[in-house]
Amino acid sequence: MSVGGTIHTRPLHKGAKMTAATPLPADPTPALRLTQPQEAPAAEVVCVPWNSLRRSDFNPRRTFEDKPLFELAVDIYHKGLLQNLVVRPHPTEDGAYELVAGERRYRAVGLLVEGLELVDDQGGESAMLQVAGDYTVPVQIRHLIDQELIELAITENSQREDVTPLEEADGYARLTGLGMKPDEIAARSGHPLRRVEQRLTLAYGLGKEGRKLLTEDKINLAQAQVIAQTTGELKRHLVKLVRENPRQYSAEQLRKLTTDGRVLVSNALFDVEASGLAVCEDMWGIIPAYFRDTAKAQALHLEALEAQAQHDRDSGQWAFVDVLPCSTHGNVRNLPWTTYRTSGPKELQGVVYIHSPSGEMHRHEGAVREEAAKAAEKAKQSQWRAQAHAEVAAQPPKNRPVRDAAHRIGQEARARVLWGSLATDPKRCLALTVQGLFESASEVRVKTETAPSLSAPLPEVVALVQRWAAERPDLFQTHKEGTMVNGPHGTKFHAALMELSEGDLLSLLAYHMHDSLHHWTAFSATARPGELAVHVAQQIGADKRLAQEWTVTADYLSAYTIPQLTALVATMPGKVQPSIAPNVGKKELVGRIVEIAGALREAGWVPDVVRFQR
């Protein structure tokens, strides 16, 4: 097709033809045909003849623009159908398939089946594009019930930019008919909840005449939204006004007609004739009939409304009956969402009457006050928690071990006091070194493996390093707290060491070998100290030092369960032992123990997990 050319259709057979220009009628929602889930194979993509496809009445999309559809048909003719359609086996016609998604592509191929003639408006030759009715189309066959088909079709169409607001609104309305809530629709479509609610108001409130005006572009969306929020005679009058002169009655002007506070005769709940009120009727039919004395009409209307509400109260059927005025721009069919819920427990359900200044009224049956619903939920949660605590208390505690985190904290606490003491006991380090050289299976590791690291350097080792770095900088330097390296190497270093006293050599031995007594491994958090480690700890007083320095922390206690914490408290000295209330939570229990950590340290209390014992 040359630049400036025009595309038009030329059907090759008589009878009804498929075109993009004629929109489908807005038929009512068809009856469901497949409503029970069936066992079905996984979805597959196959090629089927175009004439075996049938459009679905469940598709919310009704109109398709000519030009884009024709351009798509030309593109398909030259490049083929690059994206598959989604179908399901037809519920009533054997060998046929019902469209789920892809009707625009289906229609484009239909134009090619009828025949497209490309005409060059510059006088060039025309070209005929046509395919056979059995033109193969790639489809993904999915076995869906009607509800699933509707949801998939509507969700797929709602994400397209060329879907009209009314088509989108009808799609959302069908989803609510399947039980979906507006917030669920918003989440699945990716649209804001406010937009979904506006579209639902449009679907349910616009009416037949209003739909026709919007579909034919005789009114805009803003005007349609105002009309959709009205009912009865007022709706009919607004539709008549915009149909006869849409430019004169803008959305704002229509809104003023619906919110000027007049009590409409058609909305009166009282006996109009018996009231004696004068009725004003507009000879031009711009607004419906209304009462001249607005104040008295509103008083009579409210009195009749209160009588209806009192009848509901006297019935004893409802937990409450409320009568609420509607805001000037509000809708009587909408419950104030911050004050009420549309459903809830039977014993909390009540009736809410909402009325507008024009006399419009709606009775919301089964509403639940938000405050009462929250209180009931809170009480139910408290009851559930109390029951859960009671069930846990009634069951014997499970014999579960304390988690590894507590064991690791205990291991490090023992290492700090044991190694710290050995760092200032060169003779014992020399004895351990000799023992380790003789005993291959000993707990002593003469630098054959790396000692497990501590979270902070030992103060005794830090002091030893600082001394050597200050007194003999020619031999040793320190670049990291608690560690030092030799300066000279080889024969020079050996000669320098031989000049030192035996005491100095023992001091250097202690620096290297204080951590050689390993009483745990990196692979077992629950390993207990070996016999040698317990013996040495007793000999050098490390077990006593542990009792003086150990402080219980929240990190340590968090590794225990509530029953284990209860058992741990029982091991504490009676004079500082905290009292535990029934059903106390773990966080509170941990806090109570941490509060007395100082008193426990003064009493010399150390948990079994931390002690030097086998």
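Numbers here simply count residues along the sequence, with the first being 1.
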**Report entry** Check: Gln381 side chain, Lys378 main-chain N or O, donor-acceptor pair, under 3.5 Å
**Finding:** no

Report task. Might you confirm whether atom CD of Glu273 has over 12 heavy atoms from other residues, nucleotides or ligands at distances under 6.0 Å? Result -> no

Query raised in the report: Would the Phe270 and Phe291 ring centres measure less than 6.0 Å apart?
Result: yes

Query raised in the report: Should we say atom CZ of Arg292 is surrounded by more than 12 heavy atoms from elsewhere, each under 6.0 Å from it?
Result: no

Query raised in the report: So do Val139 and Tyr97 actually touch side chain to side chain, heavy atoms under 4.5 Å?
Result: no

Query raised in the report: Do Val239 and Arg243 come within less than 4.5 Å of each other through their side chains, counting heavy atoms only?
Result: yes

Requested in this report: Check whether any side-chain heavy atom of Val352 lies under 4.5 Å from a side-chain heavy atom of Phe320, and answer yes or no.
Outcome: yes

Query - Spacing of Thr201 atom OG1 and Leu206 atom CG [to the nearest 0.5 Å] - result: 11.0 Å

Query raised in the report: Is it true that atom CD of Glu371 has more than 12 heavy atoms of other residues, nucleotides or ligands lying nearer than 6.0 Å?
Result: no

Query raised in the report: Would you call Glu98 and Arg55 a salt bridge, using N to O less than 4.0 angstrom?
Result: no

Query - Side chains of Ser358 and Tyr290, donor plus acceptor under 3.5 Å - result: no

Report task. Give a yes or no on whether the backbone of Met361 and the side-chain of Arg333 come within a donor-acceptor separation of less than 3.5 Å. Result -> no

Query raised in the report: Quick one: are Leu302 and Val323 in side-chain contact, heavy atoms under 4.5 Å?
Result: yes

Report task. Give the C-alpha distance, both sets of side-chain angles, the deciding distance and a yes or no for side chain to side chain donor-acceptor pair (under 3.5 Å) between Arg195 and Gln198. Result -> CA-CA 5 Å; Arg195 171 170 170 170; Gln198 289 175 340; over 6 Å; no

Query raised in the report: Charged N to carboxylate O under 4.0 angstrom, Glu365 versus Arg363?
Result: yes

**Report entry** Within-4.5 Å side-chain heavy-atom neighbours: Arg142 and Val100
**Finding:** no

Requested in this report: Any chance you could lay out the side-chain contact (heavy atoms from CB on, under 4.5 Å) test for Glu370 and Thr338, step after step, and finish with the verdict?
Outcome: CA-CA 7 Å; Glu370 182 70 20; Thr338 57; over 6 Å; no

Query raised in the report: Is it the case that more than 12 heavy atoms not belonging to Lys374 sit under 6.0 Å from its NZ atom?
Result: no

**Report entry** Arg369 with Asp322: basic N within carboxylate O range, under 4.0 Å
**Finding:** yes

Requested in this report: Verify salt bridge (charged side-chain N to carboxylate O under 4.0 Å, His left out) between Glu103 and Arg105, making sure each step is shown before the conclusion.
Outcome: CA-CA 5 Å; Glu103 184 169 343; Arg105 282 160 277 158; over 6 Å; no

Query - Pairwise side-chain contact, Leu116 with Tyr77, heavy-atom cut-off 4.5 Å (strictly under) - result: no

Query raised in the report: Is there a salt bridge (charged side-chain N to carboxylate O under 4.0 Å, His left out) between Arg236 and Glu209 once you walk through the steps?
Result: CA-CA 9 Å; Arg236 289 191 290 273; Glu209 288 297 321; over 6 Å; no

Report task. Could you tell me whether a side-chain N or O of Thr215 sits under 3.5 Å from a main-chain N or O of Lys212, the two making a donor and an acceptor? Result -> no

Query raised in the report: Atom CG in Leu175, atom CD in Glu184: separation rounded to 0.5 Å?
Result: 10.0 Å

Query raised in the report: Would you say the side chains of Tyr353 and Asp312 form a donor-acceptor pair under 3.5 Å?
Result: yes

Requested in this report: Find out whether Leu69 and Arg107 are in side-chain contact, i.e. whether some heavy atom of one side chain is under 4.5 Å from a heavy atom of the other.
Outcome: yes

Query - Gln253 atom CD, neighbour heavy-atom count above 12 within 6.0 Å - result: yes

Query - Gln223 side chain to Tyr249 backbone, donor-acceptor under 3.5 Å - result: yes

Query raised in the report: Should the heavy atoms of other residues, nucleotides or ligands under 6.0 Å from CD of Gln383 be counted, would the total exceed 12?
Result: no

Requested in this report: Indicate yes or no: at least one non-hydrogen side-chain atom of Leu85 is less than 4.5 angstrom from one of Leu99.
Outcome: yes

